[in-house]
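Remember, it's a predicted structure, so these values are computed and weren't measured experimentally.
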Amino acid sequence: MMAVSNSSPLIALGKICRLTILKDLFGRIYIPLKVYEEITVIQYASERELFKSDWIKVAKVRNRELIRELRRGGLDEGEIEAIALAMEVSADILLIDDKKGRKIAQGYGLNILGTLGVLIEAHNRGLITHIQSEIERLKEIGFWISQDIEEAILQQVRKLPDRKPKP
């Protein structure tokens, strides 16, 4: 499955030491140069893991016209390049958390998944067993989650059969 990521899911999952969930779910992740720059300038602890891996690839966006068009939407450069790269490579999924960015990406026909969606999918596939503890860890690092969304996620996963973690 071809996946492109914006910085937010990488940073959030890196901060809670769950970055490899992306590898387990998607095999390989592509990120545009601006996302790479955002992460390396900020220098998160997960950066070492992120860029030593062979499953995260940095790619240059070539469609400058699309970049200009997306800039009119008021997004940051990382989001713009992530959307453009996802379109260029015909990604199956774009990992993005920003509400405005998600809406614009969907307008271009892209399938999106945010950090919480990644955790739900990881739970569904048996990669994590206690999603509530993962949500708490995200909140501890400052990742904002509304009470309504948290409750909806917990109700959704409670309706699923119990999953055992994969060995």
Side-chain angles (χ1 to χ4, degrees), residues 1-32 35-36 38-39 42 44-47 49-51 53-57 75-76 78-87 89-167:
M1 176 178 280
M2 169 78 73
V4 171
S5 186
N6 188 32
S7 57
S8 176
L10 297 171
I11 292 167
L13 293 170
K15 282 184 168 183
I16 65 168
C17 301
R18 288 298 198 175
L19 197 55
T20 57
I21 286 174
L22 296 175
K23 179 182 180 186
D24 295 337
L25 289 176
F26 305 110
R28 178 168 286 158
I29 301 289
Y30 290 88
I31 63 171
V35 167
Y36 171 82
E38 285 177 5
I39 293 170
I42 298 169
Y44 286 100
S46 62
E47 175 193 339
E49 178 184 354
L50 185 63
F51 297 108
S53 70
D54 61 350
W55 56 274
I56 297 176
K57 302 292 182 189
L75 302 175
D76 74 29
E79 291 161 348
I80 289 167
E81 284 201 4
I83 292 169
L85 181 61
M87 292 179 64
V89 299
S90 300
D92 297 302
I93 197 92
L94 171 64
L95 305 175
I96 187 169
D97 287 321
D98 178 79
K99 187 175 182 178
K100 190 174 190 179
R102 292 165 66 95
K103 185 175 181 179
I104 290 172
Q106 287 175 314
Y108 281 96
L110 294 171
N111 296 314
I112 59 162
L113 193 64
T115 301
L116 296 173
V118 167
L119 291 179
I120 292 168
E121 187 62 27
H123 180 269
N124 292 348
R125 293 196 196 175
L127 300 172
I128 59 173
T129 54
H130 302 290
I131 197 166
Q132 187 164 13
S133 63
E134 303 299 334
I135 290 172
E136 290 304 317
R137 292 174 66 201
L138 282 174
K139 290 185 336 188
E140 287 171 9
I141 63 154
F143 191 93
W144 188 83
I145 304 167
S146 76
Q147 189 64 36
D148 290 344
I149 290 174
E150 183 175 350
E151 288 174 12
I153 290 169
L154 296 175
Q155 283 180 354
Q156 179 182 349
V157 298
R158 284 185 194 120
K159 291 179 183 176
L160 299 172
D162 287 338
R163 308 258 185 201
K164 296 190 184 219
K166 291 185 179 180

Fill in: Derivation of the side-chain contact (heavy atoms from CB on, under 4.5 Å) call for Val89 and Tyr30
CA-CA 9 Å; Val89 299; Tyr30 290 88; 5.6 Å; no
Worksheet item: Of all heavy-atom pairs between Pro9 and Thr115, which one has the smallest distance, and what is that distance?
Response: CA-OG1, 3.2 Å
Fill in: Reported CG-to-CD1 distance for the pair Asp97 and Ile112, which is rounded to 0.5 angstrom
9.5 Å
Worksheet, complete the sentence: To the nearest 0.5 Å, atom CG of Leu113 lies from atom CG of Asn111 at 9.5 Å
Discussion item. So, taking the atom named OG in Ser8 and the one named CG in Asp76, what distance separates them when rounded to the nearest 0.5 Å?
Written reply: 10.0 Å
Worksheet item: What are the two closest heavy atoms between Met1 and Ile93, and how far apart are they?
Response: SD-CG2, 4.4 Å
Worksheet item: For the atom pair CD (Glu81) and CG (Leu75), what is the distance rounded to the nearest 0.5 Å?
Response: 12.0 Å
Fill in: Any donor-acceptor N or O pair under 3.5 Å, side chains Gln155, Glu151
no
Worksheet entry | Residue pair Leu95 / Ile29, side-chain heavy-atom distance below 4.5 Å | yes
Discussion item. Under the criterion side-chain contact (heavy atoms from CB on, under 4.5 Å), I'd like the reasoning laid out for Phe143 against Leu116: C-alpha separation, chi angles, the key distance, then a yes or no.
Written reply: CA-CA 10 Å; Phe143 191 93; Leu116 296 173; 4.3 Å; yes
Discussion item. If I take atom OG1 from residue Thr129 and atom NE2 from residue His123, how far apart are they, to the nearest 0.5 angstrom?
Written reply: 7.0 Å
Discussion item. Could you tell me if the side chain of Glu79 sits less than 4.5 Å from the side chain of Ile104, heavy atoms only?
Written reply: no
Item to complete: Examine distances only and state if a side-chain atom of Thr20 and a backbone atom of Lys23 form a donor-acceptor pair shorter than 3.5 Å.
Response: no
Item to complete: Indicate the atoms forming the closest heavy-atom contact of Asp24 with Arg125, along with that distance.
Response: O-NH1, 4.4 Å
Fill in: Closest non-hydrogen atom pair, Ser5 against Ile31
O-CG2, 3.6 Å
Fill in: Shortest non-hydrogen separation from Gly27 to Trp55 and the atoms involved
O-CB, 3.3 Å
Discussion item. Test: salt bridge (charged side-chain N to carboxylate O under 4.0 Å, His left out). Region: residues 128-148. Which pairs qualify, not counting sequence neighbours?
Written reply: Arg18-Glu134, Glu134-Arg137, Glu136-Lys139, Lys139-Glu150
Discussion item. When you compare the side chain of Leu10 with that of Leu22, does any pair of heavy atoms fall below 4.5 Å?
Written reply: yes
Practice prompt. Flag yes if more than 12 heavy atoms outside Lys57 fall under 6.0 Å of its NZ atom; otherwise flag no.
Written response: yes
Fill in: Within-4.5 Å side-chain heavy-atom neighbours: Val35 and Pro32
yes
Item to complete: Working to the nearest 0.5 Å, report the span between CD1 of Ile135 and NE2 of His130.
Response: 13.0 Å
Worksheet item: Looking only at heavy atoms, what is the nearest atom pair of Val4 and Ala82, with distance?
Response: CG1-O, 3.5 Å
Item to complete: With side-chain contact (heavy atoms from CB on, under 4.5 Å) as the test, would you mind laying out the steps for Ile21 and Leu119 before giving the verdict?
Response: CA-CA 8 Å; Ile21 286 174; Leu119 291 179; 4.1 Å; yes
